[in-house]
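Below: the structure, in C-alpha cells.
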Amino acid sequence: MESKAKTRYLAVLILAVISVGIIAPNLGQVSFWDPDEARYAECARNALEHGRWIIPYYNGHPRIVKPPLMVWLVSISSLLVGGGKVTELTSRVPSLLAGVGVVVTTFLLALAMLTSEVLAFLAAFILATTFLFYKQARFAITDMVLLFFITLACYAFYKIVAEGRRRYVWLLYAALALATMNKGPAVGLFLPILIFLIYLWCQGDLKKVKPLLYPPAIFFYLVIVLPWPLLLGKKYLIKFLWENNVKRFASNPGWKTPFWFYLWNFPTHFVPWSAFLPLVAAAFKRAQEDLGEVAFPLAWFAVTFVLFSISDTKRSSYILPLYPAAAIMTAWAIGKGLEMKDELVGIWRLSFALFSLALLGYALGLVYAFVRHVPMYTPTATASLGLVFIMVAFVLFMAKLKNFQESLLLAGVSALALAIGYTAFYQPLFDEYYRSPKSYCLDIKAKVGTFPLYHYGSIRAHDLFYTAKGIIPSYPPKKRPQGSYYVMVRGEKKLKRALDRFPDLRLVKQYPFRDTEIGLLKGEGK
C-alpha cells in the first residue's frame, strides 16, 4: 500500500512538472492576445491602485457581465508575484496553476474510475499535451480556472456516489461555488448538476442524489456565492444573469453559429490525440456491456457537447469543460485497444496514420505562419524548423514500428515536443512579429504623455491596458477637449472617415498591426 502511494505521488509530481514545462515557457513575455486578458488585467489594476475590489471597474465603468473571482485572482497574483504591479506574467499565473490542477485532478479522477495508474497517467498526459488545453492555460481569462473547479467538482461527485465518501460533499460545493464566482451559475453550477443528474439517471441510481443534498454544504455554497449578486441587486440580474447568460445562450444574432460547429471544431482542437477517436469508437462498440468505467466521463462529454451545440453562441473554448472527460475516454480506449490489439490492428494503424498526419499538419501550419510573418533568419525560427524536421523523422519511424506500445510512447514524445515547441518557440516569435499590440501602445503612450486620449470606434482592451490611461473615452466627446488631445483609430476605413469628418484632426503616425493599421491622430480643442 505504501509503495502504491509513493508511485501515485511520483506520478502527480511528474505530471505537475510536465504541465509547468508546457505552459510556463515565456508566459510573461508574450503580450495579451485575447482582449479579455487585458480586461481582467485592467480591472485588477483598478482594484490594486484605486481599491475597487468588490465591483470591478473597466474604462471608468463597473464591469458586472462576469463575476469578480478572476479579477481577484489576478490582483492577488500581482500582489504576491509582481509586488503589486499587474503584468502579463502575474495575470496568467492563476491560469497556469489552474492548468496544473486540472491535470493532477484528471489523474486522480481517472485513477478512481479506471483503477490503473498507467491509464490514469496517460489520461492526464493526453490532456496536458492537447492543443486547446495548453493554449487556454496560457491566457489570463476565466476558462482554465473554470475548468479546474468543474473538474474538481466532478472528482468530488464521483468519490461520493461511486465510493461513498460523503465528506467530499464539502469539496463538491466549494468547487461549485468558486466555479459560479468565476463564470456564473449557468456554467459553474447548472452544467455540473446536469452532468451529475444525467449520469445517475442513466445508471438508474437517482437515489444517490440524496447524500449530495446536504443542507450545511448547500448553505456553505450560498454563503460564498450570494453576497456579490445581492450587493449588485437588480443590475446583476439584468446585466449578467439575463443578458450575458440566458439571452446569449438562447439568441445571439451577432454571433450565430450552426449547431454542428463543434463536430469539426472539437477534433481540430483535441489534436494530436483526436487521431485516436476511431479507436475510441471501436472500443465503445466492442465493450458495449462493459462501459461502467467510463460511464461518467461519457455522460460528462455528451451533456457538455450537446448543451453547447444547442446554444446560439459558440466558441472553441466553451466546450473546454469536456476535455478531461475526452482525455479519460481516450486513455481507456487505448487500454482496451492494447488488450484487443490483434482484433484492432487496422484501427491502430489508422489511428497512428491520423496521428502522423495531425503532427505534420500542425507543424506545417506553424511553418506557414512563420513564412508569412516571421523572418526565417532568427535563431528561434531556425530552431522551430528543426523541430518540424524532428517531427517528420518521428512520424517516419513510427510508421515502421510494429509494436503498438513503442509507437504509443513515440506518439507521446512527439505530442510533448509539439506542445513545448508551440509555447517556447512559436508563440513568442508570432507575438513579436505579428500579434503583439504592446509596441504600438507603448509608442502611443510616450507620444501622448499627459494629454487626453480618445478612441474613435471600438477600443480593444489591450490598448487601454498598455497605454495605462485608465479611461479612454469615445470620440467625438460630448464636450470638445481644451488644448491638444489625441485620438486612436483602428482600421483604414475608420481612419479615412475620421479625417474626413473632423478637419481639425491630423495624422501623427500609423502602426501596422496584424492585418490592419492603427492610426494616431492629433487635434486642437477650441
Side-chain angles (χ1 to χ4, degrees), residues 105-106 108-116 119-120 123 126-127 147 149-166 168-169 171-173 175-176 179 185-214 217-218 249 259-260 262-263 266-267 270 276-311 318-337 339:
T105 307
T106 299
L108 297 175
L109 180 54
L111 187 61
M113 293 175 186
L114 308 179
T115 63
S116 164
L119 291 182
I126 287 172
L127 181 65
L147 179 60
F149 290 128
I150 287 180
T151 308
L152 195 61
C154 288
Y155 172 67
F157 166 80
Y158 193 80
K159 298 292 279 188
I160 295 166
V161 300
E163 300 179 10
R165 307 283 189 91
R166 294 199 173 192
Y168 278 86
V169 72
L171 179 61
L172 171 64
Y173 279 97
L176 291 176
V187 182
L189 177 63
F190 296 133
L191 174 63
I193 286 178
L194 188 59
I195 293 169
F196 303 158
L197 291 176
I198 293 294
Y199 167 69
L200 293 176
W201 177 70
C202 291
Q203 296 293 103
D205 275 342
L206 279 173
K207 61 181 181 295
K208 288 188 176 180
V209 169
K210 188 174 180 180
L212 304 175
L213 302 177
Y214 185 51
I218 294 173
F249 179 88
F259 74 95
W260 41 263
Y262 292 118
L263 288 175
F266 168 69
F270 194 58
F276 288 93
L277 292 180
L279 183 62
V280 175
F284 272 115
K285 184 178 179 180
R286 283 168 169 75
Q288 289 179 4
E289 298 179 0
D290 186 27
L291 296 178
E293 290 179 322
V294 286
F296 180 53
L298 180 58
W300 180 354
F301 182 97
V303 169
T304 308
F305 193 92
V306 171
L307 190 66
F308 282 100
S309 294
I310 294 171
S311 170
Y318 285 0
I319 60 167
L320 191 63
L322 61 74
Y323 274 67
I328 292 172
M329 289 191 293
T330 304
W332 170 84
I334 288 172
K336 289 293 181 185
E339 290 176 12

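Please read these numbers as outputs of a predicted model, since none were measured by experiment. These values consider heavy atoms only, across backbone and side chains, with no hydrogens, waters or symmetry-generated copies. When a residue number appears, it is its place in the shown sequence, counting from 1.
- The side-chain hydrogen bond (donor to acceptor under 3.5 Å, both in side chains) pairs that include a residue from residues 185-195 number zero, where partners must be two or more places apart or lie in different chains.
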Problem set entry | Criterion side chain to side chain contact (heavy atoms under 4.5 Å, CB included) on F190 and L176, from CA distance to verdict | CA-CA 9 Å; F190 296 133; L176 291 176; over 6 Å; no
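- Residues that satisfy the side-chain contact (heavy atoms from CB on, under 4.5 Å) test with V209, not counting sequence neighbours, are L197, L200, L206, L213.
- In this structure, T304 and Y262 have side chains that are not in contact, with every pair of non-hydrogen atoms separated by 4.5 Å or more.
- Atom CD1 of residue I195 and atom CD1 of residue I150 lie 7.0 Å apart, to the nearest 0.5 angstrom.
- Among all heavy-atom pairs drawn from P211 and V169, the shortest one is O-CG2, 4.0 Å.
- Applying the side-chain hydrogen bond (donor to acceptor under 3.5 Å, both in side chains) definition to pairs two or more places apart or across chains, none involves residues 185-204.
- Every salt bridge (charged side-chain N to carboxylate O under 4.0 Å, His left out) that K207 has, sequence neighbours left out, goes to D205.
- Closest non-hydrogen pair, L119 versus G335, comes out as CD2-CA, 3.8 Å.
- The distance from the OH atom of Y323 to the CG atom of L320 is 7.0 Å, given to the nearest 0.5 Å.
- Legend: residues meeting salt bridge (charged side-chain N to carboxylate O under 4.0 Å, His left out) with R166, ordered by chain and number and at least two apart, are absent.
- Of all non-hydrogen atoms in A331 and I126, the two that sit nearest each other are N-CD1, 4.0 Å.
- No side-chain donor-acceptor contact under 3.5 Å links Y318 to the backbone of S309.
- Sorted by first then second residue, the salt bridge (Lys or Arg N to Asp or Glu O under 4.0 Å) pairs that include residues 297-306, not counting sequence neighbours, number zero.
- In this structure, F266 has its ring center under 6.0 Å from that of F301.
- A distance of 4.0 Å separates OG1 of T151 from CG of L147, quoted to the nearest 0.5 Å.
- The two atoms that bring A110 and A123 nearest to each other are CB-CB, 4.0 Å, heavy atoms only.
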For this session: Report the C-alpha distance between W332 and F284 in whole Å, list the side-chain angles of each, state the deciding distance to 0.1 Å, and finish with yes or no for side chain to side chain contact (heavy atoms under 4.5 Å, CB included).
Result: CA-CA 10 Å; W332 170 84; F284 272 115; 4.2 Å; yes
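- Between F157 and the choices F296, W300, Y168, the ring-ring contact (aromatic ring centres under 6.0 Å, His included) rule is met once, by F296.
- In plain terms, the two heavy atoms of F196 and A153 that are nearest each other are CZ-O, 3.8 Å.
- The line from CG of L307 to CD1 of I319 is 11.5 Å long, rounded to the nearest 0.5 Å.
- Listed for the K336 side chain is no donor-acceptor partner under 3.5 Å among the backbone atoms of A283.
- Across all non-hydrogen atoms, the minimal contact from I328 to P297 is CG2-CG, 4.1 Å.
- Between atom CG of residue L322 and atom CE of residue M329 there is a gap of 8.0 Å, rounded to the nearest 0.5 Å.
- Atoms OG1 and CG, on T106 and L111 in that order, are 12.0 Å from each other to the nearest 0.5 Å.
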